[in-house]
Asks: 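Please find one structure pasted underneath; my questions will follow.
All residue numbers refer to positions in the sequence shown, counting from 1.
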Amino acid sequence: MAKERKAARLRAPPVTTTGVHDVETELSREANLYNLSSGILPSLGARSTRRVKLRRFIVSPYARRYKAWETYLIVLVVYTAWASPFEFGFLERSRGALALVDNVVDAFFAVDIVLTFFVAYVDKTSYLLIDSRKKIAWRYLSTWFVLDLASTVPLEIARRILPRKLGSYGFFTMLRLWRLRRVSSLFARLEKDRKFNYFWVRCAKLTCVTLFAVHSAGCFFYLVAARYHDPSRTWIGASIPDFHVRSLWVRYVTSLYWSITTLSTVGYGDLHVQNTWEMAFAIVYMLFNLGLTSYLIGNMTNLVVHGTRRTRNYRDSIQAATGFAQRNQLPDRLHDQMISHLSLKFRIDSEGLHQQETLDTLPKAIRSSISHHLFYPLVAKVYLFRGVSHNMLFQLVSEMKAEYFPPREDVILQNEAPTDLYIVVTGIMDLIDHRSGAEQVCGVAKTGDVAGEIGVLCCRPQAFTARTRSLCQLLRLNRTTFLSIVQSNFGDGTTIVNNLLQCLKAQEDPVMMRVLREIENMLARGRLDLPLTLCFAVTRGDDLLLHQLLRRGLDPNESDSNGQTALHIAASKGNENCVHLLLDYGADPNSQDSEGSVPLWEAMAGKHGNVVKLLIENGANLSSGDMGLFASTAAEQNSLELLEDIIRCGGDVTVPERDGSTALHLAVCQGNAEVVNFLLEQGADMDKPDCHGWTPRNLADQKGHAMIKALFEAKRAQNITCMSVSTPVSDLVGRRSGDPAVPLPQLTVGNSTREGSDPTRKTNFHNSLFGVVSAARANRKSDSGFLSSVALPRSAAVLGGSNGHNGLLRVTISCPEKANSARKLIPLPGSLAELLDLGRNKFGFLPTKVLNEGGAEIDDVKVIRDGDHLVLVSDAWTGEGSSKQDGA
């Protein structure tokens with residue numbers, strides 16, 4: 001990753017020295033500080049390849065500490081707004097504590113001037129954050145620096161530097177009012193801040209403006225009287241001749257009294273102008289009052305009207321609806337519904353519940369997330385959507401709209417066009433049928449129920465009238481939107497239709513049963529607009545619908561989420577007609593599902609003999625599936641008949657599953673000695689470990705199954721006996737043509753006789769546990785299984801290993817061409833070539849063929865069994881004399 005980032009930097013354009021940075025990057029860093037309502041938005045499609053971090057010692061205007069510093073300065077501005085007019089009007093020079101506080105305040109604003117040279121700013125033309133020191137300094141020096149500096153210079157220093165006429169104390173005091181621009185920016189930001197109420201912010205702003213105007217006018221008007229040459233001819237001197245010696249508090253209150261009475265235009269006449277200067281000031285002040293009063297009255301009117309506009313509109317709507325109903329002579333029921341709907345809408349507006357309006361203003365992703373949070377748990381429990389995928393539910397919820405309906409309002413009318421379906425969130429609705437000539441309540445829809453689904457799904461007029469019994473909140477879904485979502489989720493449409501049919505079947509209402517029959521007729525004729533799958537038709541056992549879907553061109557091998565095809569389902573249900581149709585249209589009889597099952601196995605597990613025969617005739621093969629799963633399933637069910645059916649269909653019950661366990665493992669765990677004996681007869685390996693290292697013999701010991709342990713011991717003893725028996729070679733092998741042939745020995749175990757054993761060494765197990773099990777197996781009827789046509793040979797032990805056995809097979813080899821060569825016991829190689837090569841190494845000649853004891857040639861090692869005697873010969877030897885050929 002480090003190399004990739006380095007390569008990306010090398011490919012990027014060189015960084016310029018302009019010092020600009022993307023505003024969006026800074027906003028993401030200061031997301032909790034920056035207010036989007038007052039910030040500058042970037043241009044559409046704006047991109048930046050600049051650096052991410054600001055220059056050293058440059059402060060972001062959205063940094064937390066800088067925001068706190070600006071807030072603190074606002075408090076100092078409030079002090080300045082009061083102190084500057086007061087000192088200008090009532091004091092000749094600042095003294096004592098007031099002078100100290102002024103200097104401290106000026107010091108803070110001086111620090112702010114220095115700090116401004118290190119604060120980045122937003123360029124309004126490029127919408128980028130500028131952090132170049134030169135650009136920051138030039139921008140500040142060319143705009144507000146002079147006024148900021150003049151309003152911050154200590155007054156004592158200014159009076160000493162400037163000439164006497166310009167060094168007036170009051171003149172420089174009024175320059176501090178330049179700082180009021182910060183308060184204006186503060187109120188503009190608070191009005192857009194969602195954390196503060198807009199009404200109270202506006203009221204606070206208007207109050208502050210009024211108080212400042214009254215305070216400033218009073219201070220200025222007193223200054224006119226105080227500086228006049230004849231105090232008796234002033235507005236305050238006419239009322240208070242000795243006002244110069246009165247306290248500062250009396251003079252200040254008197255000035256405010258005149259200012260507020262003049263501003264409010266009441267003017268009681270006790271304080272009035274006395275000279276020309278006062279008249280000129282009063283004229284200017286009253287003209288200012290005209291604009292200020294208009295501003296105050298206009299703002300307060302807007303605030304009040306905003307709260308009463310909804311009520312006026314509501315009353316106008318009610319009056320219009322009433323007039324419309326009277327002019328058109330509408331029934332009282334419809335008139336009441338109109339009034340109820342308008343009243344509910346007014347209530348929603350007055351309480352600020354603009355839910356849909358709010359959602360409509362948001363992006364699609366946010367609307368989907370909100371709908372998923374609010375309605376997904378409810379929609380997932382609706383019977384119509386049980387079993388559908390999460391993706392489809394999410395898409396449905398995203399398109400639903402929440403609406404309120406007052407009591408006794410018709411939401412759906414019977415026989416109207418199917419346009420929407422509704423899900424009840426809160427409240428109760430009655431489902432009413434008008435077909436009998438009178439209103440008949442057929443059902444009730446409560447929270448989580450759906451209304452209008454029959455008309456929407458079946459594209460038929462609405463079956464019922466849905467009328468609210470109480471105040472209801474409903475989720476509305478448009479039919480066109482719903483069908484488009486179902487089309488993109490093909491399998492879920494089948495689930496929805498099946499849920500509808502199951503719900504209708506569960507109801508005993510005659511009206512519902514009539515609707516059910518109509519829907520089934522539409523299904524049978526293929527007139528339903530919903531996308532139905534073959535699996536749906538087969539699950540219902542509807543071969544007519546299946547035929548219609550196949551004629552439309554649906555893929556006969558389509559599968560569901562588990563990989564099961566329609567043929568799997570038809571075979572498991574034993575539906576011959578559906579199986580015939582699917583096979584005729586090209587369905588694969590050997591298709592596997594996700595677990596490895598094939599249709600033939602589904603039919604065998606369901607004991608549907610006719611379907612099994614039909615599948616086999618059409619090329620079904622059990623070996624195309626997971627043979628280990630089939631055998632293990634049969635052993636787990638303790639079904640000996642199913643195991644025998646697997647053998648008859650060409651299967652192998654000794655194949656392990658994917659985890660290494662075999663049917664013998666499960667049979668031992670189940671403790672079924674009969675199944676264990678059968679599996680041993682078929683060549684199951686009792687020493688094969690599973691994925692946990694357990695062998696069937698270990699499991700039998702661990703679980704204490706005495707009968708199964710006896711079977712394993714008998715099997716082991718029989719294997720040893722077979723290996724120890726030395727059988728002479730037949731006449732064909734190593735004898736002259738005139739010698740009599742030696743018959744193959746027979747070994748009888750219980751009631752079973754097999755080739756390859758000595759009749760003189762006949763072993764009888766009739767009185768043993770092994771013999772009892774064998775006798776019970778031998779007496780079973782041969783037609784016990786549905787596939788049984790010929791009874792399988794049963795015995796308590798099997799001579800030799802099974803074909804394809806995963807264990808070690810041991811055989812005896814000999815060479816008749818080498819008269820002095822003894823027999824050798826060897827492990828069976830994996831191929832005939834390896835076996836012939838092994839004979840060459842053992843006997844010192846080149847054999848070309850492998851014969852059994854009967855003289856038959858062996859072409860594949862898979863037919864060799866454990867303990868067999870093999871004869872290695874060459875072509876020259878087998879070709880000597882016609883008698884040898886005849887014997888072979």
Side-chain angles (χ1 to χ4, degrees), residues 387 457-459 486-487 489-502 504-505 516-626 630 645 648-650 786-787:
L457 292 176
C458 303
C459 191
V486 173
Q487 291 288 348
N489 298 271
F490 193 79
D492 292 326
T494 298
T495 304
I496 291 175
V497 175
N498 190 51
N499 291 337
L500 174 63
L501 297 177
Q502 294 296 332
L504 294 177
K505 286 182 180 179
L516 175 61
R517 288 192 297 270
E518 293 177 2
I519 296 176
E520 288 181 339
N521 291 333
M522 295 178 65
L523 283 174
R525 298 174 184 176
R527 296 182 179 179
L528 210 60
D529 291 340
L530 286 175
L532 301 178
T533 62
L534 299 180
C535 295
F536 171 74
V538 173
T539 302
R540 290 176 45 82
D542 193 342
D543 52 349
L544 184 58
L545 175 61
L546 178 63
H547 194 199
Q548 292 285 348
L549 295 176
L550 289 171
R551 290 178 60 185
R552 289 184 185 179
L554 269 66
D555 183 11
N557 293 311
E558 69 177 19
S559 59
D560 58 12
S561 57
N562 297 322
Q564 275 200 336
T565 64
L567 191 58
H568 282 86
I569 302 175
S572 64
K573 292 181 174 293
N575 193 320
E576 293 186 59
N577 294 334
C578 291
V579 172
H580 264 296
L581 281 172
L582 291 168
L583 292 175
D584 289 342
Y585 277 86
D588 183 9
N590 294 314
S591 57
Q592 287 192 37
D593 61 8
S594 58
E595 295 182 356
S597 179
V598 293
L600 180 57
W601 168 250
E602 298 289 345
M604 291 173 59
K607 300 186 182 300
H608 305 302
N610 294 333
V611 175
V612 170
K613 182 179 179 181
L614 178 61
L615 289 171
I616 293 177
E617 291 175 353
N618 285 270
N621 188 359
L622 198 62
S623 61
S624 60
D626 189 350
F630 306 155
D645 294 337
R648 291 188 183 93
C649 290
F786 71 92
L787 290 179

Asks: Supply the atom-to-atom distance Asn499 CG to Leu504 CG, rounded to the nearest 0.5 angstrom.
Replies: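 Nearest 0.5 Å value for the CG-CG distance: 11.0 Å.
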Asks: Write down the atom of Ile616, the atom of Cys649, and the distance for their closest heavy-atom approach.
Replies: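 Minimum heavy-atom separation between Ile616 and Cys649: CD1-SG, 4.1 Å.
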Asks: Let me confirm one number: the CG-CG distance from Asn577 to Leu582, rounded to the nearest 0.5 Å.
Replies: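 It comes to 11.0 Å.
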Asks: Let me confirm one number: the CG-CG distance from Leu567 to Leu581, rounded to the nearest 0.5 Å.
Replies: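 Between Leu567 CG and Leu581 CG, I get 11.0 Å after rounding to 0.5 Å.
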Asks: Does any N or O in the side chain of His568 come within less than 3.5 Å of the main-chain N or O of Gly563, such that one atom is a donor and the other an acceptor?
Replies: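 Checked: no pair found.
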Asks: Would you check if Val538 and Asn575 make a side-chain contact, meaning some heavy-atom pair closer than 4.5 Å?
Replies: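 Side-chain contact under 4.5 Å: no.
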Asks: Restricting to non-hydrogen atoms, name the atom on Gly387 and the atom on Thr495 that form the minimum distance, rounded to 0.1 Å.
Replies: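 Looks like C-CG2, 4.0 Å.
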Asks: Quick one, Leu615 with Leu583, criterion side chain to side chain contact (heavy atoms under 4.5 Å, CB included). Give me CA distance, side-chain angles, the key distance, then yes/no.
Replies: CA-CA 9 Å; Leu615 289 171; Leu583 292 175; 4.2 Å; yes
Asks: Quick check: do Leu600 and Asn621 have side-chain heavy atoms less than 4.5 Å from each other?
Replies: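 In short, these two side chains do not touch, never coming nearer than 4.5 Å.
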Asks: Do the side chains of Gln564 and Ser559 get nearer than 4.5 Å, heavy atoms only?
Replies: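 Sidechains of Gln564 and Ser559: no contact.
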Asks: With side chains defined as the heavy atoms from C-beta onward, is the minimum distance between Phe630 and Val598 less than 4.5 Å?
Replies: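 SC-SC contact between Phe630 and Val598 confirmed.
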Asks: Can you tell me which residue among Pro599, Ser597, Ser624 is in a side chain to side chain contact (heavy atoms under 4.5 Å, CB included) with Ser591?
Replies: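 Exactly one option meets the side chain to side chain contact (heavy atoms under 4.5 Å, CB included) with Ser591, and it is Pro599.
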Asks: Taking Ile569's backbone N and O only, do any of them form a donor-acceptor pair with Glu602's side chain (distance below 3.5 Å, no angle check)?
Replies: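 No, because the side chain of Glu602 does not come within donor-acceptor range (under 3.5 Å) of the backbone of Ile569.
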Asks: Can you measure from CG (Leu550) to CG (Asp584) and round to the nearest 0.5 angstrom?
Replies: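 Spacing of CG (Leu550) from CG (Asp584) equals 9.5 Å.
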Asks: Verify side chain to side chain contact (heavy atoms under 4.5 Å, CB included) between Asp593 and Thr565, making sure each step is shown before the conclusion.
Replies: CA-CA 7 Å; Asp593 61 8; Thr565 64; over 6 Å; no
Asks: At what distance, to the nearest 0.5 angstrom, does NE2 of His608 lie from CG of Leu614?
Replies: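 CG of Leu614 is found 13.0 Å from NE2 of His608.
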